[in-house]
Amino acid sequence: MKKLWSGRFTQKTSGTVESFTESISFDKKLWKHDIKGSTAHARMLARQRIITKKEADAIVAGLQQISVSIENGSFPFSSELEDIHMNIESALTENIGPAGKKLHTARSRNDQVAVDLRLYLKDEMKKIVQLLKALQRTFVRLAEKNKGAVMPGYTHLQRAQPVLLGHHLLAYTAMFQRDRERFQDCLKRTDVCPLGACALSGTSLPTDRAYTAKLLGFREVSGNSIDSVSDRDFALEFLSCAAITMMHLSRLAEELILWSTEEFRFIEMSDRFTTGSSIMPQKKNPDVAELMRGKTGRVYGNLVALLTLMKGLPLAYNRDMQEDKLPVFDSVETLEACLEVLDGMLQDLKFNTERLSLTSGEGYSTATDIAEYLVRKGVPFREAHEITGRIVLSCISRNIPLTGLSLKELSAFSPKISGDIIPVLDPAESVRARTSFGGTSPSEVRRQINYFKKLLK
Ligand code: ARG
């Protein structure tokens, strides 16, 4: 196959170089975006009278035909033609003749690959934003369904204070809200058209870059041709947004794994989203959640790979940049797969609300409520903390819960303690009382549910 750049070469490329430099094996993923970019470029060339209307029509029809053959699997991808750009261009010329040779006028693969990757990421990020939204909705639904359930809240993975299960679930909705906003923000900077920057310096031909950008649905045209072909910040931003989202998914996965252990028994995952053991017949394993936690490592790695790839590159385009695609594709696929599988898994999840409620009062979890009770009676907080600490210590030494102390025993610790302390020791009451903005009270959880319902409409 004749190389599109063969003019100044007298020897044939070595076979090892061909397989070493090819990217068609992975950048064929960009075919739709490449054809979209080329179609817009041809239209612009005709509008500017750089090529004729007839030539542009032939190019567009030829590209359409290639599109069909890629879709039905009959397109002959060739690694001799290096990448998706030259595979398509060379097939075009073969199919439509001389007009095909005019498509690459006032363009380079450097701006072409940049526009392809931006178009691809715009599509995928819009999809990810929708997947995150669906996940948030699922969390809101779960929160609403279980809004009355009290559970132990943790710090340091030690029982800390009772909280509402709905409150805990809504914490994830808030995390995914930030993720969604981050992707939306990244979308803004991805939505800039580099096509027409050519190799690095622009062109002497009378192009109209704004028109191409408009045809492609870009919000803006890149303002510096050198930067246009050198810049991969949008891909880096995408990879860091993906890494942060995966970190959230991994924390959630970790909780789901812990909560489904015999030791916790807070949740049960459905058979549809768990797997068995090849040797131990009794097992039901949370492999989906574990893989989600595990795949986070790869997504972090992809970010570090691209950061490292870019850090030593002089301006403008360098072939190193071809290595940007695999990490980007991998993070897109991994993140989308995680978001999709997680949504189904959550919808099937069963909460053991009885056990959650039973354990919510264990571990002296209402001790802070006693301290706040004393504060309300005029005791300075540090003193109240000290008094409550002594109450807890005495319970520990007698191996009884806070509710195991009589009113007489309790008031021996402070004259401020009277009969109205009794409800304070109840986890449900503790939760009800935490009405500060963003706190765990039913009224505040309701407020959050309403807020997200409106936001996610
Ligand atoms: N396959 C290349 C890449 O992905 C396309 C750009 C090649 N440009 C060049 N001057 N060799 O980066």
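Quantities reported herein were computed from a predicted structural model and do not represent experimental measurements. Order of appearance sets the numbers: ligands from 1, and atoms from 1 within every ligand.
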If hydrogens are left out, which of Leu200, Asn110, Leu30 has an atom nearest to atom 10 (N) of ligand 1, that is, the closest non-hydrogen atom?
Asn110

Please work out which of Arg109, Met321, Gln112 has its closest non-hydrogen atom nearest to atom 11 (N) of ligand 1.
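Looking at heavy atoms only, the winner is Arg109.
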
Ligand 1 N/O within reach of His85 N/O, cut-off under 3.5 Å:
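No, no N or O pair falls under 3.5 Å.
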
Taking the inter-plane angle between the rings of Phe266 and Phe264 on a 0 to 90° scale, is it parallel (under 30°), tilted (30 to 60°) or perpendicular (over 60°)?
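The arrangement is perpendicular - the two ring planes meet at more than 60°.
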
Which of the atoms of ligand 1 are close to [X], meaning less than 4.0 Å from one of its heavy atoms?
X: Ser23; answer: 1 (N)
X: Lys325; answer: 3 (C), 4 (O), 12 (O)
X: Gln322; answer: 1 (N), 2 (C), 3 (C), 4 (O), 12 (O)
X: Asp83; answer: 1 (N), 2 (C), 5 (C)

Heavy-atom contacts under 4.0 Å between Glu82 and ligand 1: side chain, backbone, both, or neither?
neither

Carboxylate-amine/guanidinium proximity below 4.0 Å for [X] and [Y]:
X: Lys29; Y: Glu333; answer: yes
X: Glu372; Y: Arg434; answer: yes
X: Glu444; Y: Arg447; answer: yes

Pair His85 and Trp31, ring centroids less than 6.0 Å apart:
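No; Trp31 has its ring centre 6.0 Å or more from that of His85.
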
Taking atom types as modelled, find out whether Arg107 and Ser38 have a side-chain donor-acceptor pair closer than 3.5 angstrom.
yes

Would you mind checking which non-hydrogen protein atom is closest to atom 3 (C) of ligand 1, with the distance to 0.1 Å?
Tyr317 OH, 3.2 Å

Checking Lys28 against Phe77: charged group under 6.0 Å from the ring centre and within 45 degrees of the axis?
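Lys28 over Phe77 ring: yes.
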
